[in-house]
Every structure is written in C-alpha cells, then in structure tokens.
2 protein chains.
Amino acid sequence: MVNEVETYVEVLKGHDLKVTQQRLEILRYLEEHRTHPTADEIYKALIKKYPSLSKTTVYNTLEILCDAGIIDQLTICPTEHRYDFHHQAHHHFFCKQCGKIIDINFPCPNVETIKKDILKNGHQIDDVHGYFKGICSSCIKKREKQDGY
Amino acid sequence: MVNEVETYVEVLKGHDLKVTQQRLEILRYLEEHRTHPTADEIYKALIKKYPSLSKTTVYNTLEILCDAGIIDQLTICPTEHRYDFHHQAHHHFFCKQCGKIIDINFPCPNVETIKKDILKNGHQIDDVHGYFKGICSSCIKKREKQDGY
DNA sequence: CTGGCTGCAAATCCTTTGCAAAGCC
DNA sequence: GGCTTTGCAAAGGATTTGCAGCCAG
C-alpha cells in the first residue's frame, strides 16, 4: 500500500525519472483511482487543484510512465485509451454498451507458456493483456426491463 | 477455404445481411489479406477497382460484419483499428516499433475457465482477445545493428 | 547552468454524422 | 414502393506536434 508522497518520489527516482509536481500528482491519482481513467478524466480531476496543468503534460507523463512500466495503457476501449496502475497481472472485461471496464482477477497460468512460445521466436514482450468484450450484467438487466420483462 | 464469390453471398445471407457489391468486396479482401488491415488500407486497395467506393461504406460495413461476428475488430494497436477475418481463435503480438501484428497460434485452454468465471457474474462475452505487446525480432536485430553490433 | 519538462495553441489523424441519391427485394 | 445502403462533405474527438519559457538536478 502506498501512503506517502515520498513513495511516489521513490518510484520515479527508481526509474531514473525526474521528480516533478505533475508526475507525482498523476501517479497519486492513478494509485488512488483504480477505475482505469482516461487522460481527460485525469486532467479534469487534477486541474481543480492545479489550474496550470496542461493536458499535454498529462499525455506526456502517461507515456513516460508507460514506457517505464509503472502504469499500463489499456486499448480495450475502441475510442480512447485508459490507464491502470501496474499492479499484479489481471485481465479486463469491457462492456460495449456502457463502456465500463471490469477487472478480472482470475489467473491465467497458461499465459506463461504462450509467452515462452513468443520469446522463442526472438520477440521481446513488454505487456500482456487479456481482453474480454461483451455486455455487462447490469446492462443486460436494463435491456430486459426495456424489453418488457 | 473460400474460393467462390458465391460463398461470401452465403455468409452474408446466413447472417440476414443484405448482399451488396461493396460488402462482398470487403469480405473478399479480408479473407484474402490476413494482414489485419485498417479501414483505410481496405479502402485504398478497393478504390482502385471500385472508384465510387466511399470510406464511410468501409466503416459501415466493417461495423456490420463485426456485429454479426463474421470479422473481429482488433484494438491492439493504440492508434487505429485493425480487422481480422474471424477464423479459429488465436492471439496477437503487436510490435510497438514497426506496428506489425503477428498471429500467435498457440492455444490458451485456460481461457475457457476465465470465461466461465466471467459468465458466472452475469456478463455476456462476445469477444476474447489475447494481446502481447513488445518489440518484434526483426526490430531487435535492426536496433542491434544501429547500436554497432 | 542546462537538458529535460511544462503548457499553450494549432494541427493531425481516425472515425462518426447528416443527409440526399441510388439500390435491393 | 418502401426501407436499407451508399457516398459525399463536414463535424467530432482523442492525441500529437512545435515551440517558448520554466525548472529540477
């Protein structure tokens, strides 16, 4: 569990990244809001406290944090990128109706076998994503109501 | 193996879709070019033979074919959508350097267990994607040359 | 100091929308 | 003939770029 800003400083330093207020805030936001926010959501949330924050900086920072492997960029949603603090490997479910992303904390040990197969061909693997897409249970219920059940 | 245009007609009819020249051509293109093309690549290739083709039609058709489950939309590439004829389930590797997508024909039987877990929560699963991202072997080689190996 | 970071505005690129004309059954 | 599909142009929206000023190390 990360409780102190000090810890975010260590995270950045540990990856040879310069420590700036903006980076600390974005890191903190991602740690505290594990809702796979978009760049725009992060921007809109932080601009309240830091009126000088630029959306460019949010994009830049997210890219840097991704490259460092500190966070993950999710491409599960077809219209925008979402970001996730890189904690223990897990999968994602995307509801095509409401756009919600649900974490799937069910392990897939088989992934390791596939990774070995890919590595055998000389490729370098940085990220692994298991994406499941469909309609979430609450949207199914809403739909049933509309249909007159 | 699909050899005759007749077969594409059957595919469309089998999904209660109207048969048009444009749809047949897009289907045929996807069947013959299993390179995960973008909408734009499909458009640029077909416009040569069918100068009246509109990009809107390409987008419309791809969406319809996706909804019908005939093709898959890949969101592995962060900047654009790619499309894949829906044949036997397989995974994808994306090279962050050259943008190439490589098919991974290595089964993941464990996926079924995860799907059951998701279904148990009442969600409906339409698509499953295994995305691996990194640097492909040929880009690694290029990089080594540049670095003076 | 000084190279990297930030922020603004404008540009870019993929995709969607509105609507009239054309086509299919 | 009615309803769907097509095609054009314009809009939309996420992300990137160019560049000047600022700041952490």
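Only this structure's heavy atoms are used, side chains among them; waters, hydrogens and symmetry mates stay out. Lettering follows sequence order; numbering is per chain, from 1.
B:L65 has its CG atom 13 Å from the C1' atom of D:dT5, to the nearest Å. Distance B:Y50 OH to D:dT6 P: 14 Å, rounded to the nearest Å. A straight line from CG of A:L12 to P of C:dG4 spans 17 Å, rounded to a whole angstrom. As rounded to whole Å, 12 Å separates atom P of D:dT4 from atom CD1 of B:I64. Following rounding to the nearest Å, B:L53 (CG) and C:dA21 (C1') show an atom-to-atom distance of 16 Å.
Side chain of B:H90 to backbone of B:Q88: a donor-acceptor contact under 3.5 angstrom is found. Side-chain atoms of B:H91 come within 3.5 Å of backbone N or O of B:F106 as a donor-acceptor pair. The backbone N or O of A:R23 sits nowhere less than 3.5 Å from a side-chain atom of A:T61 that would complete a donor-acceptor pair.
Taking side-chain N and O atoms only, B:T57 has a distance below 4.0 Å to OP1 or OP2 of D:dG7.
Rounding to the nearest 0.5 Å gives a distance of 12.0 Å between SG of B:C136 and CD1 of B:I101.
B:E25 and B:R28 are joined by a salt bridge, as a carboxylate oxygen and a charged side-chain nitrogen come within less than 4.0 angstrom of each other. The pair A:R34-A:D103 does not count as a salt bridge, with every side-chain nitrogen at least 4.0 angstrom from each carboxylate oxygen.
Each end of the helix from C:dC1-D:dG25 to C:dC25-D:dG1 gets its own rotation axis from five pairs of C1' atoms, and the angle between them is 40° to the nearest 10 degrees.
At a threshold of 4.5 Å between non-hydrogen side-chain atoms, the residues A:D84 and A:L30 do not count as touching. In this structure, the side chains of B:I125 and A:K133 stay at 4.5 Å or more apart for every pair of heavy atoms.
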message = For a quick check, with a 4.0 angstrom heavy-atom cut-off, what is the B/S/- contact string for nucleotides 14-25 of chain D, read 5' to 3'?
response = SBBB------BS

